[in-house]
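To keep things clear, I will list the structure first and then write my remarks on it.
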Number of protein chains: 2
Amino acid sequence: MGYSCLMALDRDHVLRSAAALLTRKSTATMDEVAKAAGISRATLHRHFAGRDALVRALEALGIAECEAALDRARLDEGSASEAVRRMVREIQPAAGLLAFLYGENQLWEADGDPGWLRLDTRIGAVFVRGQQSGEFRIDLTPVWLTEALYGLIASCAWAMHDGRVAPKDFTHMIAELLLGGALRREES
Amino acid sequence: MGYSCLMALDRDHVLRSAAALLTRKSTATMDEVAKAAGISRATLHRHFAGRDALVRALEALGIAECEAALDRARLDEGSASEAVRRMVREIQPAAGLLAFLYGENQLWEADGDPGWLRLDTRIGAVFVRGQQSGEFRIDLTPVWLTEALYGLIASCAWAMHDGRVAPKDFTHMIAELLLGGALRREES
DNA sequence: CTAATGTGAGACAAGATTGTCTCACATGGG
DNA sequence: CCCATGTGAGACAATCTTGTCTCACATTAG
């Protein structure tokens, strides 16, 4: 019958639409999600058992995209600074989805997807490496830097959505602020 | 009859409780909000016409606390860096409430309280001053720095709530990251 | 052509939340 | 004492969202 490919395409398309809509309106109805995806509510329920399952699928998608981004960023190569810049650049396509998931505090209360722990570990390792090499300061903990990175990604995604930051500046704004801060440097 | 003072105290107490609860569980019911404040749902409705009015009141409270914090921070005095540090320190008591409001994207869609614009202007002015004095780099726009400050405050409030950041480190973690970034400085 | 599959539209009940109401009770002033 | 005011508890209808169901239609393989 060969419909599995079509199903997968539809499912992915639905997830993308849902992510785009829920990023803007996190309280959107299943009906609104369905309309945004161009399908009926019945079909939406055939793909995702309920709203919970949809959010979980979005969570899994966000984790998968982040892990793929970290893979592409080759975090072990070069200096920690360059690794952070590559990481931010590769994460940009998933920024909107991440911003939505970051605001879904419902996910963190009990037992979240272990994928978040894996991501935290991988990202935190970059900051640990930078500290051990003497590249990064040691008074800002890797845990905080990781958390701050998430927050800056969500903030920038929001600012982009409102037109306050240009999409082309995403990487520069986040990476430069996270690495160098607002102060001018004496030596360039 | 002199009940206005008692009413005001009650109203403020209810707002504080609601802020503390909604920061943790943004989907809390009016009944849960009432129970958290130690009053009945009927009394809650006597103070705030509905959930919408409650959120609006929380928004007004957050704006007022932020403006008071900016007043205390004396943003025009000293270097821009020190102004930022004072600003973060004074904002800390309102961080939880701000984190809740920051995630309530419903507030920003149409016409928000003009108080946010006033706050953005006052905070942005600090970054403009730092750039004009040569203290801050100019490739990070004041608008983005303002947005990033909100994001870092929300992130740190969340990390504190989960125990990943100690409350005593709030000012240092945010101000140092925002100002100096993660990179080590050659000259201290 | 025929049948199977996926889909859209809509009906339907169940559940949750909200807003409003009434009533009884406690407290404090006159 | 008597009464006004504020409160808690609960009932109530209205609304919204959800999950499930049925039915008709389109598409496509056999």
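Values below: all heavy atoms of this structure, side chains included; hydrogens, waters and symmetry mates excluded. Chain identifiers are assigned alphabetically (A, B, ...) following the order of the sequence lines, protein sequences preceding nucleic acid strands; residue numbering begins at 1 within each chain. Keep in mind that this is a model prediction, so the values were computed, not measured.
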Q) With sequence neighbours excluded, what pairs up with Ala42(A) under the side-chain contact (heavy atoms from CB on, under 4.5 Å) test? A) Ser40(A), Arg46(A)

Q. Whole Å only: how far is the CG atom of Leu44(B) from the P atom of dG19(C)?
A. 10 Å

Q. Any donor and acceptor pair, going by atom type alone, linking the side chain of Thr23(B) with main-chain N or O of Gly96(B) inside 3.5 Å?
A. yes

**Q.** Rounded distance in Å - CG (Asp10(B)) to C1' (dT5(D))
**A.** 14 Å

**Q.** Sub-4.0 Å heavy-atom contacts from residues 36-43 of chain B onto DNA chain D, ordered by number
**A.** Gly38(B), Ile39(B), Ser40(B), Arg41(B), Ala42(B), Thr43(B)

Q: Would you mind listing every side-chain hydrogen bond (donor to acceptor under 3.5 Å, both in side chains) that reaches into residues 89-99 of chain B, with sequence neighbours excluded?
A: Arg72(B)-Glu90(B)

Q) What residues form a side-chain contact (heavy atoms from CB on, under 4.5 Å) with Arg164(B), not counting sequence neighbours? A) Val143(A), Glu147(A), Ala159(B), Asp162(B)

Q) Arg51(B) has an atom CZ; how far is it from atom P of dC16(D), in whole Å? A) 16 Å

Contacts table for residues 29-38 of chain A: side-chain donor-acceptor under 3.5 angstrom, sequence neighbours left out:
unit_1   : atom_1 : unit_2   : atom_2 : d
Thr29(A) : OG1    : Glu32(A) : OE2    : 3.1
Asp31(A) : OD2    : Lys35(A) : NZ     : 3.1
Glu32(A) : OE2    : Lys25(A) : NZ     : 3.4
Glu32(A) : OE2    : Thr29(A) : N      : 2.8

Q. Just how far, in rounded Å, is C1' of dT18(C) from CG of Leu54(B)?
A. 13 Å

(Q) Just to verify, what does His161(B) make a ring-ring contact (aromatic ring centres under 6.0 Å, His included) with, not counting sequence neighbours? (A) Trp158(B)

Q) In whole angstrom, what separates His45(A)'s NE2 from dT7(C)'s P? A) 15 Å

Q: Whole angstrom is fine here: how far is it from CG in Asp31(B) over to C1' in dG10(D)?
A: 11 Å

